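First the proteins, then the strands, lettered A, B, ... as listed; each starts at 1. Note that the structure is a prediction, hence the values are computed from the model and not measured.
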Protein chains: 2
Amino acid sequence: MSEAISNLSRKEQVIRKAAELFKEKGYAAASMRDLAHLLGIEAASLYSHIKSKEEILRSLCFDMAAEFQKSLAEVESKKDISASEKLRNGIIGHIQVMAKDLTASAVFMNEHRHLSQPYLRDFLLMRINYINRFKSIIEQGVQTKEFKDSIDKKLAVMTLFSSLNWMPMWYDPGSAIDPSQLGFQLADMLVNGLKKND
Amino acid sequence: MSEAISNLSRKEQVIRKAAELFKEKGYAAASMRDLAHLLGIEAASLYSHIKSKEEILRSLCFDMAAEFQKSLAEVESKKDISASEKLRNGIIGHIQVMAKDLTASAVFMNEHRHLSQPYLRDFLLMRINYINRFKSIIEQGVQTKEFKDSIDKKLAVMTLFSSLNWMPMWYDPGSAIDPSQLGFQLADMLVNGLKKND
DNA sequence: AATTTCAAGTAACGAGTGTTAGTTATATAT
DNA sequence: ATATATAACTAACACTCGTTACTTGAAATT
């Protein structure tokens, strides 16, 4: 079935262009005719490759979610590691997943709310689960007294996620700082703060 | 002209409801018929109070922008204050402005891109200006050696803004932590980090 | 009591939406 | 050479969109 392969290839072209469009204009404001025009075809022709507009969004959101999941599971699997090291690795992993596809990451973050049920519910459950696993790492760090106990844990974890999730909106992959440095510095800033600690 | 006052009053009711709707569904996905239904009137009746859908968005975005502007100007006006104290005050001020209207803040952050030209251009220029003024505070802190010079300044300021700007998405005003504590802790976390510094 | 203002209503417009049905030209496989 | 699969096309559907023109009943002002 070599059809399947080449079909997938063209389908992925459509999905990637859609990601760019969704990132730029937002899912709701992006029309299928816009997307078709970007690809140089007619709107109806898109349906040779995809089932619906929302199928594109689903595929973008859930593929990213799976990659985040995988990255965090790998960090969690390593035993005998301090909480701050675990947190650092989690942050770096998250950044690396995003850096592999900044466009899809932006869609994942900003457009997931346009998923219909039951997909939206599933998505949000996965997301809460992911956040809670980071929260556990922070709580572990508080217990081992690596981290302050003065800071609200929900605040801490949401601040962390806010910082991570907005990265695709401003990060320029052609800039001086590369993704692995970015992850490292971001982790340092969140764990150690801006202030000199001497 | 008592008409102006009562008209403004009803107009503001419309705008506030619109803010809720825009926050929940996004500007593009929110229809004037949705908004009218929430207010218990017909869609066409909205136009007794507002000129267009986008006028609502403009008013939400630029009113918030003015408040942020005012808050930062006040912080900047205080002389003989360390960079970290200035940054802390800037963060607390920003959070307080947001906390006064979480719904409008969410729209300000997420929906401004649906402004048409030339409003979008104006908005983005104001925003860059605001960000750069925070960046100046950070640079000042690096010069006085309060802050590390190892961290990329763009990264630092964008991380800061990401944290601030996502707050309206998760903060529950009925929760244990109140807005002024939130601002204080957020500032502490970003300046000093999660780690204990002893 | 007469007039004006306010906030709503009805009806409809032109344009744009996602999507379907059915067709066709080109490239590939048999 | 023939059959198949791919990727496009045209035409159209039912629907929703923001908005305008005009009207109406109630409240406030004179």
Worksheet item: For Lys11(B) and Ile15(B), what are the C-alpha separation, side-chain angles and deciding distance, and is it a side chain to side chain contact (heavy atoms under 4.5 Å, CB included)?
Response: CA-CA 6 Å; Lys11(B) 183 174 182 175; Ile15(B) 292 175; 4.1 Å; yes
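- Of the two residues contacting DNA chain C, namely Leu39(B) and Lys53(A), the nearest-nucleotide position lying further toward the 5' end is that of Leu39(B).
- Counting non-hydrogen atoms under 4.0 angstrom, Ala28(B) reaches nothing in the nucleic acid.
- Using modelled atom types and a 3.5 Å distance limit, the side chains of Ser71(A) and Gln96(A) yield no donor-acceptor pair.
- Within 4.0 Å of Ala30(B), counting heavy atoms only, lie sugar-phosphate atoms of the nucleic acid but no base atom.
- Among dT19(D), dA7(D), dG9(C), the nucleotide with an atom closest to any side-chain atom of Met32(B) is dT19(D).
- Rounded to whole Å, the distance from NE2 on His114(A) to P on dG18(C) is 12 Å.
- Atom NZ in Lys51(B) sits roughly 11 Å away from atom P in dT20(D) (whole-Å rounding).
- Checking Phe22(A), Tyr27(A), Phe123(A), Tyr130(A) one by one against Phe108(A), the ring-ring contact (aromatic ring centres under 6.0 Å, His included) holds for a single residue, Phe123(A).
- No donor-acceptor contact under 3.5 Å links the side chain of Ser31(A) to the base of dG16(C).
- Side-chain proximity of Ala44(B) to the nucleotides dG18(C), dT20(D), dA8(C) is greatest for dT20(D).
- Between Arg33(B) and dT19(D) there is no side-chain polar atom (N or O) within less than 4.0 angstrom of OP1 or OP2.
- Every residue was checked against the salt bridge (charged side-chain N to carboxylate O under 4.0 Å, His left out) condition with Asp149(B), not counting sequence neighbours, and none meets it.
- Taking atom CD1 on Ile56(A) and atom P on dT17(C), their separation rounds to 15 Å, with Å as the unit.
- Between the CD1 atom of Ile50(A) and the C1' atom of dT20(C) there is a distance of 13 Å, given to the nearest Å.
- Look at CD on Glu54(B): it is 15 Å from C1' on dC17(D), rounded to the nearest Å.
- Between the P atom of dT20(D) and the CD atom of Glu55(B) lies a distance of 12 Å, rounded to the nearest Å.
- Atom OH of Tyr27(B) is separated from atom C1' of dG18(D) by 9 Å (rounded to the nearest Å).
- Between the side chains of Ser163(A) and Ser163(B), at least one donor N or O lies within less than 3.5 Å of an accepting N or O.
- Evaluation of atom-type donor-acceptor distances gives no pair under 3.5 Å for the side chain of Ser45(B) against the base of dA7(C).
- For Tyr47(B), the listed nucleotide lying nearest its side chain is dT19(D); candidates were dA8(D), dT19(D), dT10(D).
- Closest contact between the side chain of Ala43(A) and the listed nucleotides dT19(C), dA7(D), dG9(C) involves dT19(C).
- The NZ-P distance, from Lys25(B) to dT16(D), rounds to 12 Å in whole Å.
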